[in-house]
J.: 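Have a look at the structure that comes next, please.
Lettering of chains follows the sequences in order, A, B, ..., and the numbering in each one begins at 1.
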Number of protein chains: 2
Amino acid sequence: MSEAHFDSLMKAALLQRFPKQVVLIEEGHRPDFLHVVVEGLVELFSQHRSRETTIDIIRPVTTFILAAVATDEVYLKSARTLTPARILLVPAQAVRDMLTRDPDFARAMIHELALRYRGIVRTLKNEKLRSGSERVANWIIRTSQDGEKSGSIVLTYDKRTLASHLGMTPESLSRAFSHLADYGVRCHGRKIEISDRSALLSFAAPDPLIDG
Amino acid sequence: MSEAHFDSLMKAALLQRFPKQVVLIEEGHRPDFLHVVVEGLVELFSQHRSRETTIDIIRPVTTFILAAVATDEVYLKSARTLTPARILLVPAQAVRDMLTRDPDFARAMIHELALRYRGIVRTLKNEKLRSGSERVANWIIRTSQDGEKSGSIVLTYDKRTLASHLGMTPESLSRAFSHLADYGVRCHGRKIEISDRSALLSFAAPDPLIDG
DNA sequence: CGCAAAATTGAACCCAATCAATGTTCGTGG
DNA sequence: CCACGAACATTGATTGGGTTCAATTTTGCG
């Protein structure tokens with residue numbers, strides 16, 4: 001998009017810091033701002049009759065509640081920070097105005113919406129087509145290759161949070177880890193070690209159509 | 001969008017009929033056409049290691065695999081007709097070209113993508129926050145007020161299909177119906193009767209943030 | 001060092017899937 | 001028009017993955 005347009009958006013926007021576990025938006029409210037995670041982790045979740053479920057975890061740099069801003073309807077989900085975070089807040093009206101003014105911006109928005117859509121489809125497939133242990137196994141594989149430290153991971157947050165990431169209770173996560181011991185996964189405190197990657201891989205069966 | 005542009009898209013498109021249970025697209029393939037359901041029901045589903053799950057059910061008139069066309073990446077899900085259907089096939093390249101040519105079209109696409117995104121969020125919430133019986137109860141309520149026939153529904157398709165709609169097996173659906181008998185739901189063959197709507201409502205607890 | 005939160009472990013339970021058997025419906029061909 | 005077979009539907013028994021509740025143990029931090 002044009003630099004002038006970008007600047008005008010940024011001028012209207014605010015960059016704000018939040019501590020962890022702060023609720024940023026609540027389902028049912030109307031969108032005032034488009035949110036962009038600049039730093040930290042944000043969890044999208046939803047509640048109904050005292051039940052709660054994680055819908056997505058957002059990492060930098062991505063937008064969230066873009067769809068609500070685009071349609072100007074109430075949020076379908078709530079968001080909270082999982083870690084301390086920096087969030088860029090862009091006034092919703094400014095975004096909608098820009099849509100009609102800048103075709104490149106509109107195209108970027110299409111791309112972003114499409115990506116987010118595909119992301120949620122992956123999340124859904126991960127949840128519905130895999131057991132808890134399989135989700136953990138795939139999470140280990142993905143995370144351990146991000147860090148490039150071939151054989152181990154050190155958690156940056158606690159296991160409760162990881163469990164909610166993976167759509168399960170802390171108890172289930174704990175049992176999943178002990179199950180994965182059969183495939184060479186050991187975990188001492190916050191350190192997770194992988195001794196037999198190929199065994200883990202064959203159990204996890206990562207799939208580009210789920211894991212990207 | 002402009003009529004001329006619309007015509008040019010339509011000229012490139014084809015309207016085709018399909019019998020039921022025909023696989024229209026397969027996950028992992030590249031998008032050749034944007035699909036639009038004009039008539040009938042289409043199920044989006046996905047497979048992994050011999051497991052299969054329904055991701056969404058599309059009814060007229062909506063597009064599907066729009067996100068794959070927008071990003072020009074492989075499909076993340078497959079699609080099959082649940083009933084005989086008429087599908088409009090618009091060449092993917094024509095859609096992408098039109099994006100850059102017609103700003104109104106781009107805006108319409110944003111709107112559609114956002115709607116589809118919100119649709120899948122609702123589906124996900126319905127699945128994760130409700131039990132099977134609750135999903136059935138809410139489906140009954142929604143469907144019975146569509147028809148305006150206050151106290152009864154007549155199924156237009158078989159219960160296997162309904163079960164897949166609702167993300168459960170035919171056996172579970174059957175048990176859910178007998179469970180709902182406690183709330184005044186009787187079902188004889190393809191006819192479902194509701195004798196105590198308020199009891200059903202209090203069990204179902206419909207929610208605008210899930211059911212729309 | 002000591003306490004509170006987090007993590008693990010065990011037991012009971014619940015929802016839903018699966019397997020298996022039987023009953024019902026529906027479409028078709030005689 | 002009826003009879004028959006195949007698909008659909010229901011019911012029961014069993015299983016399994018996962019949650020919940022409760023009791024310890026471990027961890028991390030003041």
Side-chain angles (χ1 to χ4, degrees), chain A residues 20-21 45 47-54 82-83 126-140 153-182 185-193 203-205, chain B residues 19-21 45 47-54 82-84 126-139 153-182 185-193 203-204:
Chain A
K20 69 174 175 177
Q21 295 296 341
F45 66 101
Q47 291 166 317
H48 176 67
R49 292 188 127 190
S50 85
R51 275 164 273 184
E52 175 175 320
T53 187
T54 299
L82 283 179
T83 64
N126 191 41
E127 286 262 329
K128 290 190 70 179
L129 292 169
R130 283 175 172 156
S131 69
S133 299
E134 288 172 328
R135 292 200 296 280
V136 176
N138 279 286
W139 176 87
I140 292 174
I153 301 174
V154 178
L155 285 177
T156 59
Y157 36 72
D158 61 22
K159 286 189 182 162
R160 304 179 78 71
T161 307
L162 177 60
S164 120
H165 263 250
L166 295 169
M168 57 177 80
T169 60
E171 293 95 322
S172 294
L173 176 62
S174 187
R175 285 183 240 275
F177 271 124
S178 59
H179 179 208
L180 292 180
D182 297 350
V185 175
R186 286 298 125 85
C187 99
H188 321 88
R190 290 202 163 190
K191 186 167 203 167
I192 299 161
E193 302 205 336
F203 174 77
Chain B
K20 69 174 173 176
Q21 295 295 342
F45 66 101
Q47 290 165 317
H48 175 67
R49 290 188 129 189
S50 85
R51 274 164 276 184
E52 176 176 320
T53 188
T54 300
L82 284 179
T83 64
N126 191 40
E127 287 261 329
K128 289 190 71 179
L129 293 169
R130 283 176 172 155
S131 69
S133 298
E134 287 173 327
R135 292 200 296 279
V136 176
N138 278 286
W139 176 87
I153 300 173
V154 177
L155 285 177
T156 59
Y157 37 73
D158 61 25
K159 286 190 183 162
R160 304 180 79 71
T161 307
L162 177 59
S164 119
H165 261 256
L166 295 168
M168 58 178 78
T169 59
E171 293 96 320
S172 294
L173 176 63
S174 189
R175 284 183 240 276
F177 271 124
S178 57
H179 179 210
L180 292 180
D182 296 351
V185 175
R186 285 299 125 83
C187 103
H188 322 87
R190 291 203 162 186
K191 186 169 204 165
I192 299 162
E193 302 203 338
F203 173 78

J.: Out of D:dA9, C:dA17, D:dG18, which nucleotide sits closest to the side chain of B:Thr169?
T.: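 Within the option list, the nearest is C:dA17.
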J.: Rounded to whole angstrom units, what separation is found between the CZ atom of B:Arg160 and the C1' atom of D:dT10?
T.: 12 Å
J.: Specify the separation, in whole Å, of atom NZ of B:Lys20 and atom P of C:dG27.
T.: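 The distance from NZ of B:Lys20 to P of C:dG27 comes to 9 Å, rounded to the nearest Å.
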J.: C:dA16 P sits how many Å from B:Arg51 CZ, rounded?
T.: 19 Å
J.: Any heavy-atom pair between the side chains of A:Glu127 and B:Lys128 that's under 4.5 Å?
T.: yes
J.: A:Ser174 side chain: which of C:dT8, D:dA9, D:dG17 is closest?
T.: C:dT8
J.: In the structure I gave you, are the side-chain heavy atoms of B:His179 and B:Ser131 within less than 4.5 Å of one another anywhere?
T.: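 When only atoms from C-beta onward are counted, B:Ser131 and B:His179 do not touch, as no gap falls below 4.5 Å.
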J.: On DNA chain D, compare the nucleotides closest to A:Leu173 and B:Leu173; which residue's is nearer the 5' end?
T.: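 This one resolves to B:Leu173.
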J.: Write down the distance between CZ (B:Phe177) and P (D:dC8), rounded to a whole number of angstrom.
T.: 17 Å
J.: Can you identify which nucleotide, out of C:dT8, D:dT19, C:dA7, has its nearest atom closest to the A:Met168 side chain?
T.: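 Minimum distance to the A:Met168 side chain belongs to D:dT19.
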J.: Taking five pairs at each end of the helix from C:dC1-D:dG30 to C:dG30-D:dC1, what angle separates the two helix axes (nearest 10°)?
T.: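 Rounded value for the end-axis angle: 30°.
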J.: Just wondering, do B:Ile153 and B:Trp139 contact through their side chains at under 4.5 Å, heavy atoms?
T.: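 Contact flag for B:Trp139/B:Ile153 side chains = yes.
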J.: Can you tell me how far C1' of D:dT26 sits from NZ of A:Lys191, to the nearest Å?
T.: 18 Å
J.: Could you state the atom-to-atom distance from NZ of A:Lys128 to P of C:dA16 in whole Å?
T.: 12 Å
J.: Are any non-hydrogen side-chain atoms of B:Ser172 and B:Arg135 less than 4.5 angstrom apart?
T.: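 They are not in contact (no side-chain heavy atoms under 4.5 Å apart), so the answer is no.
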J.: Any base atoms under 4.0 Å from A:Ser172, or only sugar-phosphate, or nothing? Heavy atoms, all strands.
T.: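 Answer is base: heavy atoms of A:Ser172 come under 4.0 Å of a base.
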J.: Checking contacts here: which listed nucleotide (C:dA6, D:dT10, C:dT8) is nearest the side-chain heavy atoms of B:Lys159?
T.: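 From the listed options, D:dT10 comes nearest.
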J.: With hydrogens left out and only the distance checked, is there a donor-acceptor pair under 3.5 Å joining B:Arg175's side chain and the base of D:dG12?
T.: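 Present.
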J.: Measuring only between side-chain heavy atoms, which start at C-beta, is A:Arg190 closer than 4.5 Å to A:Asp158?
T.: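 When only atoms from C-beta onward are counted, A:Asp158 and A:Arg190 do touch, with a gap below 4.5 Å.
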J.: So B:Tyr157 and B:His165, would you call those rings parallel, tilted or perpendicular, with 30° and 60° as cut-offs?
T.: parallel
J.: For the side chain of A:Glu171, counting heavy atoms from C-beta on, which of D:dG28, D:dA22, D:dG18 is nearest?
T.: D:dA22
J.: Are any of the side-chain heavy atoms of A:Ile140 and A:Phe177 separated by less than 4.5 Å?
T.: yes
J.: Starting at OH of B:Tyr157 and ending at P of C:dT25, how long is that distance when rounded to a whole Å?
T.: 20 Å
J.: In whole angstrom, what separates A:Leu166's CG from D:dG18's P?
T.: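 Taking atom P of D:dG18 as the reference, CG of A:Leu166 is at 12 Å.
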